[in-house]
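Computed from a predicted model, the values in this text were never measured in an experiment.
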Amino acid sequence: MTLIAMEFSSKTMKLLLLWISFFQVLFVVSIVSGERSDTRLLLTRNAVSRERHSEEYCAMYDICGAREDGKVLNCPYGSPSVKPDDLLSQKIQSLCPTITGNVCCSEAQFDTLRSQVQQAIPFLVGCPACLRNFLNLFCELTCSPHQSTFINVTTTAKVKGNLTVSGIDFYASDAFGEGLYESCKDVKFGTMNTRALNFIGAGAQNFTEWYAFIGRRAPLDVPGSPYAMTFKPTAPESSGIKPMNVSTYSCGDISLGCSCGDCPQSPVCANTAPPPHHEGGSCAVRIGSLKAKCVDFALTILYIILISMFLGWGLFHRKRERNQTSRMNPLSDIKDSGEVIRKKDENLPAQMVEDSPQTGSRVQLSIVQGYMSKFYRRYGTWVARNPILVLSLSLAVILLLCVGLIRFKVETRPEKLWVGPGSKVAEEKRFFDTHLAPFYRIEQLILATVPDAGAQKLPSIVTEDNIKLLFEIQKKVDGIRANYSGSMVSLTDICMKPLDKDCATQSVLQYFQMDPQNLENYGGVEHVNYCLQHYTSADTCRSAFKAPLDPSTSLGGFSGNNYSEASAFIVTYPVNNVIDKEGNETDKAVAWEKAFIQLVKNELLPMVQSKNLTLSFSSESSIEEELKRESTADVITILISYLVMFAYISLTLGDAPHLSSFYISSKVLLGLSGVMLVMLSVLGSVGFFSAIGVKSTLIIMEVIPFLVLAVGVDNMCILVHAVKRQPLELPLEGRISNALVEVGPSITLASLSEVLAFAAGSFIPMPACRVFSMFAELAVLLDFLLQVTAFVALIVFDFLRAEDKRVDCIPCMKISSSYADTPKGIGGRRPGLLARYMREIHAPILSLWGVKIAVISIFAAFTLACIALTTRVEPGLEQQIVLPQDSYLQGYFNNVSEYLRIGPPLYFVVKNYNYSSESSHTNQLCSISQCGSKSLLNEIARASLTPESTYIAMPAASWLDDFLVWISPEAFGCCRKFTNGSYCPPDDQFPCCSSDTGSCGLGGVCKDCTTCFRHSDLNNDRPSTSQFKEKLPLFLNALPSADCAKGGHGAYTSSIDLQGYENGVIQASSFRTYHTPLNKQIDYVNSMRAAREFSSRVSDSLKMEIFPYSVFYMFFEQYLDIWRTALINLAIAIGAVFVVCLVITCSLWNSAIILLVLAMIVVDLMGVMAILNIQLNAVSVVNLVMSVGIGVEFCVHITHAFSVSCGDRDQRVRDALGTMGASVFSGITLTKLVGVIVLCFSRTEVFVVYYFQMYLALVLLGFLHGLVFLPVVLSMFGPPSRCKLVEKQEDRLSVSLRP
């Protein structure tokens, strides 16, 4: 599921595509420069043959011709400046306040200037200082009365018989150029999340580059000046030329103040505290050349202290023990006599009932255990007498629960698995989808080169042949016709169309308007290379859907801005989405996506590979389809794993094999029956929850059977082995009763601990963990109940079968055998090989003092090391791990990380924005002039300056800024009205510009249009409530164009919820920016955390409700608190085990030891996760919680057997290992090992990592802690025995000795 997040880093492309008007802005700028050069040409009524350079004299005047593309050319004749009439003077003053008195421009020239600069004004109006400087440059060039002092006509050309200007020198001081550039360099164009200079200056990095862009002579039909302008800073003194040096305004000038986003050096912004920066480094300690983390250093010191104290205590204790032993020989003799009583029958259980005639000991049980023993004695006798009734009732109940399976459903929706119903991100996603618009679907191709032999880097993908290949691929994609309910669905039916006409496909083919005929017409690969550098300014580089195409969205594998070095084409098809992912639109998209994937596999992939290229691909539905395939890919592997465990269990329950009696003494049928009971407990749990409407998950189906098998098999082994240990002299019902009394309390203790541990986990908010805990809780409880009911009844039947000499698996067949005549008979065999190993080899080795010291030291060191390693476990779940290893998405995700250079889109959503004039919300959000220095958009711009910590790549696109600019009187080409007050579009749009004739001019129906507002109509350049309410819908419907690039249609159509906005409050609006490229799971987690911290801080500062939203947040919210979730789950589980142990045993000592061992198992498992690079996620958290349940099995039985054994601590450990160690080892360790090893052959890495590796580590750690570390701890620090050795005296217990 987390995979989906990754593909949306390419989805940012869509948002760039929407901004349709921007290429035209560049067109504007270049035309402006050309026109200004036109206006520089002064028309002289009394033409003179020579040029003069003096004040009040013009170098050019009037227009003498035009090029073939319609761009006007000025007259190269000098003349004195002229006095304009009052009306023209007022017009000039309104645009050029520095021009007074005489001028060097005619009315026609000024009108041309005004119509052209209006195209650039929307880009700069947010920063008045920059706009003023920019206008001054062209006002001086066109109308300055001293024009000849800084303009020199250098070349002329004849056009239709008229002499026209073809080249000039423009002398402007460096101070003016520097001031102009410094005031404008940081001004942003919000719609495209980029600098305005990218559009009106071709991305100039200094004023000389900007000058070069303005002054270049453009080819025909290409934006730019119609003649060449060369900017020069100085002139020869004899020439009479003085460089223009009009004063410039600083963007930090308070009177013309720019926002912090447009002018970071503003004094207001300088006083603003920078965003908090989280240090990436951690605490470290340096010792000489060695550098270690503080936690590692602290744990090392702690280990040294603990081990020193332990060794000191050990030496002191050992010495004291030896002294006591030498003084207490008589007492040792008494103990020896006690042991003689025990040694009369080594097969006797460690715990015998106090009134048994064979007993030589008495066990003082706790009150709870005493009641349990009495219950199990009576219950065992009753079950042995009524096995059919018990088996029938238990099976009837469990089968009744299984009826609920008819309502069985599996939950696969990520938002239902990882996000709780009260989750913050779920609420935010619901709000975003319903009030704004759901995120679009993504279909993507990545076409990449392969390295040449011996080459250090990949060859460039940008070649003529590769572009032709891309056109062939596009032709096939366009030809896809998917069948949906009898109708044919094509890409154009479902794709996203910003202007309701052309698909917003992200591809370098957009530089040819997706038309293969333009490949030759535009110049092939050279045109692509040109567009890569001029995509924002060149008209021929605009996309088919009218927006500039950022190369970083269609190319990959390059560094910096070296697009020509790109080694991959990235083709993205944004497709419309719907809120609930149901309905015709989504079904159509899914049908097309399946046809798309089929086409790529069958046709495109072979085509690309034949060209020695690679192709990776994905669709929106690919992940879901591959996960479905993954869920069935390893069915056979899992079944084999279960069958291997079944076979082992069936064999291990039987006696040691003897050929003459094996077919009778074996317990294959009993083992298989027990396994079936385990499966029934799982099915009963699933059936119960299905009946009440709780959906299952894949984790449940994959994990719980293993868990319940581990617990159930252990109990089966313990019960069967306990019955076998009973004296043959007893009747079967007596043996069953004694066995339940012996092991019933420990089985109950272990099972209740597990049930309570999982029950506590059901309160965790993450649905996947909560549902797992619920299912596991009931499954373990049902398994326990079936073990002590149905399985005990099955044991009775099996022992009756064996005593009646009937064949295992074929009980109807009775065979005469000498087996019944053997001295030991059924169930009377000597202990098995494993039990003898535990008692005679394993326990004695652990009793050696040196071994004890080594075990404690090694386990303590490993645990402390694992604590340090645990801090290195990262949250997340890599996409590649979840998918089948042969999935086509494996290569796709690798290429996404390698090639994509842009991150996922990030929206900052504002709730309940009050736009009324009484509210301060507008200035708290916007980032243009007069907006608050700590406004939301200014804070976003400031955060983008430190992307390494904020993960915000650029300032946000702001509909509010663009709307305020759109209605501004300065942007006189945008918001306009007819004389009747109705809306008047820009001059280059219908009806002002006829689409039929292509005629766009100052005349016609729009000649009398005026700006919507004058400055006097606004309050500090802000609209009133009624003005805002009236104009906002018009802005959102206004098409962006050359004359007004700020139109909101397409760019902001889905950024505002207009429902109910008439009341003065906009319920929802969004401001879009981008995350930095996110390549690792930890990057996604940290970016989401940083965005939330940023929003929280800004919300508190502005007293407004603001939240961040990105499409991947749904899948990664779980990781924000995954450590908290894991630790709470584990603390509750271990705490529940401790409480149950304390209540049942009434021994704080025993409970504390169990708690210690469980905690060490969990910590060590987390340390192993760090070693194996296993991430922390819902699957691993479930495994960690499960480790508590399995760890209980390793601990409780051994501890209980130790507490009821007689003798000194070493003797009691030997008895506990002899009776319970073999059952635990064979019931859990070996059973799980044989099953888990099969999983290493899985085709899906998630099984190999999270089930094979983690389960194997869990089993080995459980075995080592339960059967190595725990016995050593008990032998050194174990609690006193509850057993009293006694001597019989006339059937009364008169002498007792507590060891």
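- A donor-acceptor pair under 3.5 Å links the side-chain atoms of S622 to the main chain of S619, judged by distance alone.
- By the 4.5 Å heavy-atom criterion applied to side chains, V1249 and L1172 are not counted as neighbours.
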Checking side-chain contact (heavy atoms from CB on, under 4.5 Å) for the pair E754/V1188: CA distance, chi angles, key distance, verdict?
-> CA-CA 8 Å; E754 292 154 1; V1188 177; over 6 Å; no
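- In this structure, L1156 CG and F1138 CZ are separated by 11.5 Å, a value rounded to the nearest 0.5 Å.
- Between the side chain of S1095 and the backbone N or O of R1092 there is no donor-acceptor pair closer than 3.5 Å.
- Using a distance-only test at 3.5 Å, with no hydrogens or angles considered, a donor-acceptor pair links the side chain of Q1081 to the main chain of L877.
- With rounding to the nearest 0.5 Å, the separation of CG in L1155 from CG in L1148 is 10.0 Å.
- Scanning for side-chain hydrogen bond (donor to acceptor under 3.5 Å, both in side chains) contacts around R872 gives D296, with sequence neighbours left out.
- The structure places SG of C1141 at 7.5 Å from CG of L1158, a figure rounded to the nearest 0.5 Å.
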Decide yes or no on side-chain contact (heavy atoms from CB on, under 4.5 Å) for S897 and F893, but give the supporting numbers first.
-> CA-CA 6 Å; S897 299; F893 284 118; 5.8 Å; no
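- Shown here for L436 and A1068, the closest heavy-atom pair between the two residues is CD2-O, 3.9 Å.
- The nearest pair of heavy atoms linking F1194 to I1198 is O-CG1, 3.5 Å.
- We find the OG-CG distance between S618 and L889 to be 5.0 Å, quoted to the nearest 0.5 Å.
- Counting only heavy atoms from C-beta outward, the side chains of F688 and I692 approach each other to under 4.5 Å.
- Counting heavy atoms from C-beta on, the side chains of P745 and I1144 never come closer than 4.5 Å.
- You'll find the side chain of S696 reaches within 4.5 Å of the side chain of F408, heavy atoms only.
- Atoms CZ and OG1, on R441 and T586 in that order, are 5.5 Å from each other to the nearest 0.5 Å.
- The residues R430 and E427 are annotated as salt-bridged, a charged nitrogen and a carboxylate oxygen being separated by less than 4.0 angstrom.
- Counting heavy atoms from C-beta on, the side chains of E1193 and V1224 never come closer than 4.5 Å.
- The backbone N or O of V425 sits less than 3.5 Å from a side-chain atom of E1117, completing a donor-acceptor pair.
- For the pair I1161 and G1262, the tightest heavy-atom approach, listed with the atom from each and the gap, is CD1-CA, 4.2 Å.
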Can L401 and L782 be said to form a side-chain contact (heavy atoms from CB on, under 4.5 Å), step by step?
-> CA-CA 10 Å; L401 291 175; L782 291 176; 3.9 Å; yes
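- Put simply, the side chain of S1187 gets close to the backbone of L1184: a donor and an acceptor are under 3.5 Å apart.
- Residues I1174 and M1254 are in side-chain contact: their nearest non-hydrogen atoms beyond the backbone lie under 4.5 Å apart.
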Given side-chain contact (heavy atoms from CB on, under 4.5 Å), test M1169 with L869 step by step and report yes or no.
-> CA-CA 9 Å; M1169 286 174 58; L869 289 171; over 6 Å; no
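- In this structure, F1115 has its ring center at least 6.0 angstrom away from the ring center of F1112.
- Checked by atom type and distance alone, the side chain of N1177 pairs as donor or acceptor with a backbone atom of S1180 at under 3.5 Å.
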Could you walk me through whether H1265 and D1164 pass side chain to side chain donor-acceptor pair (under 3.5 Å), step by step?
-> CA-CA 10 Å; H1265 285 80; D1164 291 353; 2.8 Å; yes
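- Without hydrogens or angle criteria, S751 side chain to T748 main chain gives no donor-acceptor distance under 3.5 Å.
- The environment of CE in M676 is sparse: at most 12 heavy-atom neighbours from other residues, nucleotides or ligands sit within 6.0 Å.
- In terms of modelled atom types and a separation under 3.5 Å, the side chain of D1083 and the main chain of K1080 share a donor-acceptor contact.
- The aromatic rings of F439 and Y907 stand perpendicular to each other, their planes meeting at an angle above 60°, with 30° marking the opposite boundary.
- Considering only heavy atoms from C-beta on, L786 comes within 4.5 Å of I398 through its side chain.
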Give every donor-acceptor pair under 3.5 Å between a side-chain atom in residues 773-781 and any protein atom, sequence neighbours left out.
| unit_1 | atom_1 | unit_2 | atom_2 | d |
| --- | --- | --- | --- | --- |
| S773 | OG | C769 | O | 3.0 |

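- A donor-acceptor distance shorter than 3.5 angstrom exists from the side chain of S1147 to the backbone of N1150, with no hydrogens or angles considered.
- Two residues are said to be in side-chain contact when any heavy atoms from C-beta on lie closer than 4.5 Å; N1086 and R1089 meet this criterion.
- Taking the six-membered ring for Trp and the full ring otherwise, the centers of Y1109 and F431 sit at least 6.0 Å from each other.
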Does the ring pair (Phe, Tyr, Trp, His ring centres under 6.0 Å) test come out yes or no for F432 and F1107, once each step is laid out?
-> CA-CA 10 Å; F432 187 90; F1107 68 86; 7.7 Å; no
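- When all heavy atoms of L1130 and V1162 are compared, the closest pair comes out as CD1-CG1, 3.5 Å.
- The two atoms that bring V1192 and S753 nearest to each other are CG1-CB, 4.2 Å, heavy atoms only.
- Note that CD1 of I718 is 5.5 Å distant from CD1 of I747, once rounded to the nearest 0.5 Å.
- The two atoms that bring A1178 and I1122 nearest to each other are N-CD1, 4.3 Å, heavy atoms only.
- Between K911 and E1105 there is a salt bridge, with a side-chain nitrogen of the basic residue lying less than 4.0 Å from a carboxylate oxygen of the acidic one.
- Looking at D783, its side chain never comes within 3.5 Å of a backbone N or O of S681 through a donor-acceptor pair.
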